[in-house]
Amino acid sequence: MAVQLYDTLRRTVEPLQSEPGEPLRFYCCGPTVYGPAHIGNFRTFLIQDTLRRVLEVDGQTVEHVRNITDLDDKTIRQSQAEGLPLAEFTAKWTQKFQADCAALNMRPPSNEPSAVAHIPQQIALVQQLVDKEHAYVSEDGSVYFRVDSFENYGSLSKLKQRDLKTQQQNSAGERNDADEYDRESVSDFALWKSRKPEDGDNYWPSPWSEGRPGWHLECSAMAESAFDGAMIDLHGGGIDLCFPHHENEIAQSECAHGRAFCRHWFHSAHLMVEGAKMSKSLGNLYTLEDLQTKGFPPAALRYSLIASSYRQQLNFTIDGLHAARSALLKMERFADSLLAVTGEDRNALATYINAETASGFGRFAKAWESLCNNLNTAACLGAIFGVIGSNPAPSLKAEDARALLDAFGSILYALGLQLYSVETPKQEAPDDILNLAQQRWEAKQARDWAKADEIRDELLSAGWVVKDSKEGFEVVPS
RNA sequence: GGCGCGGUAGCCAAGUGGUAAGGCCGAGGACUGCAAAUCCUUUAUCGUCGGUUCGAUUCCGACCCGCGCCUCCA
């Protein structure tokens with residue numbers, strides 16, 4: 001079954017396949033590196049990573065490009081606030097972003113181009129647009145794209161040009177006053193921004209003025225450069241980028257090159273936090289680090305963020321994170337039961353987690369088909385737990401257990417879920433607690449239940465729970 | 001106003017024209033001296049009102065409610 005995915009442009013679910021013999025060229029609008037990425041950012045990037053993994057399991061070669069936006073108002077402003085050169089500042093946050101991605105078990109993209117490293121390409125692109133009169137130079141040396149010159153403008157977001165032209169108020173009812181007064185139309189957008197005092201040292205020479213490229217232009221130029229001029233097969237991003245960012249990318253690239261920019265558009269919905277829009281002022285803007293500090297493993301966050309439909313808004317909650325963690329533990333027990341049959345230890349699971357399936361998906365066929373069907377991760381997880389619920393391990397021969405682990409491993413690879421990473425770290429109890437627990441154990445051995453229970457209550461009020469087994473006991477934080 | 005997403009059990013969440021996957025939590029049971037852990041069992045008629053149909057949660061229409069985007073926010 002071919003991988004199918006909803007296409008924002010055509011508004012239908014379409015098969016996803018590259019040209020014969022070509023890799024599937026997948027471009028994602030990456031993060032703006034002016035601070036730590038939040039879980040909303042990661043939802044989008046995790047969905048993209050998951051799709052890329054599904055395509056790999058499907059046997060496709062994916063050229064995954066995700067840019068780093070290191071040149072825009074926010075990076076400039078924030079670097080200056082911290083008194084750091086832009087490059088040093090963005091390098092710091094780029095590294096943090098990459099570390100977070102690794103913690104979330106995201107595959108590194110094939111290529112992570114940076115905007116600052118593509119200034120010449122961007123200038124060349126602007127030049128083409130100026131030459132073809134799709135762009136014009138203003139008095140201060142800025143260059144704007146002439147939206148009127150591109151008939152298809154608005155086709156992705158289905159916004160009619162006349163709506164855009166007449167729409168001079170924003171959603172708050174305020175006038176959209178441009179801070180530039182030299183645009184021909186309010187819907188025109190900047191390709192090149194002439195240098196302003198607040199830009200500091202962050203300007204580059206160009207045929208029009210010293211300045212810097214506009215944000216929309218960066219992606220067009222980087223995509224063109226990364227794919228060596230070939231058309232993008234699949235372009236992803238958060239739903240908010242649909243308009244105007246992607247609309248503008250299309251306009252720039254198609255006007256410059258006279259051919260289609262991208263075949264298939266992939267947008268993921270935003271997330272809410274505890275029922276409210278995520279924002280700093282509400283204090284509900286989580287980063288990966290925030291959640292790790294609260295004791296949640298990255299794998300639980302990954303599970304939580306990919307477990308529901310990517311096209312639907314996700315309401316992120318701490319409860320949901322607990323549920324994700326419990327669900328992962330359930331998967332671990334399932335893996336344990338299979339490894340017990342093959343006679344392997346937990347370390348062996350890693351050998352099963354890869355894009356290949358030697359013997360097909362077997363019992364996990366439904367789980368795999370769900371992923372192929374518009375990345376239905378929720379149905380996939382449901383199918384996985386369907387298999388787990390009727391765990392066949394006890395009746396399997398070792399070779400069958402290995403085949404099942406092979407299929408399970410490929411599904412886990414596609415979802416990017418890491419098992420055996422969600423245990424609460426063992427916390428060594430202090431000596432006095434251990435002493436008490438030892439006394440309780442002795443009382444228990446002497447069948448002095450009253451005393452044993454008394455000590456257990458004492459431990460509990462000190463914050464420790466005793467867990468007995470046949471061989472002995474352990475104490476864990478309550 | 002334009003474009004888009006959604007309203008399914010306590011929470012999260014799939015799905016189909018023929019009487020609703022799954023996860024979490026809760027409850028009951030097994031196990032245990034009692035617990036914990038684990039295992040088993042268990043919880044809905046799908047926003048409202050009409051229509052089409054032998055039959056609709058699933059198709060059509062209307063309505064109500066929540067949310068997102070509408071110029072640089074993933």
Side-chain angles (χ1 to χ4, degrees), chain A residues 8 11 28-32 37-48 69 72-74 147 154 156-160 162-164 166-171 176 178 183 186-190 193 214-218 236-245 247-248 267-272 275-279 303-304 307-309 311-317 319-331 333 366-367 370 376-389 391 444 447-450 452-453 456-457 460 465-470 473-474 476 478:
Chain A
T8 314
R11 314 241 156 156
C28 299
C29 293
T32 302
H38 55 69
I39 56 174
N41 297 313
F42 282 124
R43 154 117 126 148
T44 293
F45 299 135
L46 280 166
I47 299 266
Q48 291 163 347
T69 298
D72 79 327
D73 293 346
K74 291 189 296 260
V147 166
L156 180 66
S157 50
K158 307 289 185 272
L159 290 171
K160 300 277 188 295
R162 62 171 170 280
D163 294 333
L164 294 167
T166 55
Q167 195 231 319
Q168 301 203 355
Q169 292 193 330
N170 64 20
S171 51
N176 278 325
R183 285 187 293 173
V186 285
S187 35
D188 291 351
F189 56 92
K193 303 170 115 167
W215 174 51
H216 308 299
L217 185 75
E218 297 178 351
I239 187 67
D240 55 307
L241 296 185
C242 191
F243 182 87
H245 184 58
E247 211 69 78
N248 293 354
H267 290 107
S268 41
H270 276 192
L271 64 73
M272 314 269 289
K277 185 170 177 172
M278 184 170 58
S279 74
Y303 186 106
S304 192
S308 56
S309 304
R311 292 193 61 214
Q312 262 173 251
Q313 244 175 32
L314 167 67
N315 182 25
F316 177 85
T317 60
D319 271 359
L321 215 43
H322 277 116
R325 194 173 168 283
S326 298
L328 281 166
L329 286 167
K330 195 166 189 169
M331 286 188 180
R333 273 177 251 125
K366 198 172 156 193
S370 297
N376 192 338
T377 45
C380 173
L381 289 166
I384 290 172
F385 285 108
V387 176
I388 291 176
N391 188 353
K444 190 182 156 178
R447 307 184 73 82
D448 184 351
W449 311 129
D453 289 349
R456 181 167 57 201
D457 288 344
L460 195 58
V465 175
V466 187
K467 294 183 177 182
D468 291 339
S469 64
K470 279 175 188 160
F473 63 91
E474 63 172 336
V476 298
S478 60

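Chain A is the first sequence line, chain B the second, and so forth, proteins listed ahead of strands; every chain is numbered from 1.
- Note on A/H245: nothing from the nucleic acid sits closer than 4.0 angstrom, heavy atoms only.
- The nearest pair of heavy atoms linking A/S309 to A/R43 is O-NH1, 3.4 Å.
- For A/R447, no side-chain nitrogen or oxygen approaches OP1 or OP2 of B/rG33 to under 4.0 Å.
- Among all heavy-atom pairs drawn from A/F45 and A/P31, the shortest one is CZ-N, 3.6 Å.
- The distance from the CG atom of A/N248 to the CZ atom of A/F243 is 7.0 Å, given to the nearest 0.5 Å.
- A/L314 has its CG atom 16 Å from the C1' atom of B/rG66, to the nearest Å.
- A stacking contact links A/W449 to B/rG33: the aromatic ring centre lies within less than 5.5 Å of the base's six-membered ring centre, and the planes differ by less than 30°.
- OP1 or OP2 of B/rC69 has at least one side-chain nitrogen or oxygen of A/K277 nearer than 4.0 Å.
- Using a 30° and 60° split on the angle between ring planes, A/F189 and A/H216 fall in the perpendicular class, above 60°.
- Considering only side-chain N and O atoms, A/N376 lies under 4.0 angstrom from the phosphate OP1 or OP2 of B/rG15.
- Within the 4.0 angstrom heavy-atom criterion, base atoms lie near A/A378.
- Summarising the geometry, the separation between CZ on A/F316 and P on B/rA13 is reported as 13 Å, rounded to the nearest angstrom.
- Within 4.0 Å of A/S309, counting heavy atoms only, lie sugar-phosphate atoms of the nucleic acid but no base atom.
- Under 4.0 angstrom from either OP1 or OP2 of B/rC73 there lies at least one side-chain N or O belonging to A/K74.
- Both A/D188 and A/D468 sit near RNA chain B, but only A/D468 has its closest nucleotide nearer the 5' end.
- Taking every heavy atom of both residues into account, A/A327 and A/F385 meet most closely at O-CZ, 3.6 Å.
- Residue-level contact check: A/I384 touches neither bases nor backbone, having no heavy atom under 4.0 Å from any strand.
- To the nearest whole angstrom, the two P atoms, one in B/rU53 and one in B/rG47, are 23 Å apart.
- In this structure, B/rC11 and B/rG23 make a Watson-Crick or G-U wobble pair, each of the two defining distances being under 3.5 angstrom.
- The phosphate of B/rA35 (OP1 or OP2) has no side-chain N or O of A/K444 nearer than 4.0 angstrom.
- Considering all non-hydrogen atoms of both residues, A/L271 and A/I39 come closest at CD2-O, 3.7 Å.
- A straight line from CZ of A/R325 to P of B/rC25 spans 11 Å, rounded to a whole angstrom.
- Taking atom CD1 of A/I388 as the reference point, atom C1' of B/rC40 lies 17 Å away to the nearest angstrom.
- Contact check, A/Q312 against B/rA14: a side-chain N or O comes under 4.0 Å of OP1 or OP2.
- Using a 4.0 Å heavy-atom cutoff across all strands shown, A/D319 reaches no nucleic acid atom at all.
- Taking atom P in both B/rA14 and B/rC59, the straight-line distance is 16 Å, to the nearest Å.
- As judged by a 4.0 angstrom heavy-atom cut-off over every strand, A/H267 is placed among residues making no nucleic acid contact.
- Phosphate proximity of B/rA35 to A/K467: absent, as no side-chain N or O sits under 4.0 Å from OP1 or OP2.
- In this structure, the CE atom of A/M331 is 14 Å from the P atom of B/rG22, given to the nearest Å.
- B/rG10 and B/rG26 have their C1' atoms separated by 8 Å, with the value rounded to a whole Å.
- Across all strands shown, A/G382 has heavy atoms under 4.0 Å from base atoms, whether or not it also approaches the sugar-phosphate.
- Between A/R11 and the phosphate of B/rC3, there is no side-chain N or O to OP1/OP2 separation shorter than 4.0 Å.
- At the heavy-atom level, A/G40 lies under 4.0 Å from base atoms of the strands shown.
- Between the side chain of A/K193 and the base of B/rC72 there is at least one donor-acceptor pair of N/O atoms closer than 3.5 Å.
- Contact between the side-chain N/O atoms of A/R333 and the OP1/OP2 oxygens of B/rC39 is found at a separation under 4.0 Å.
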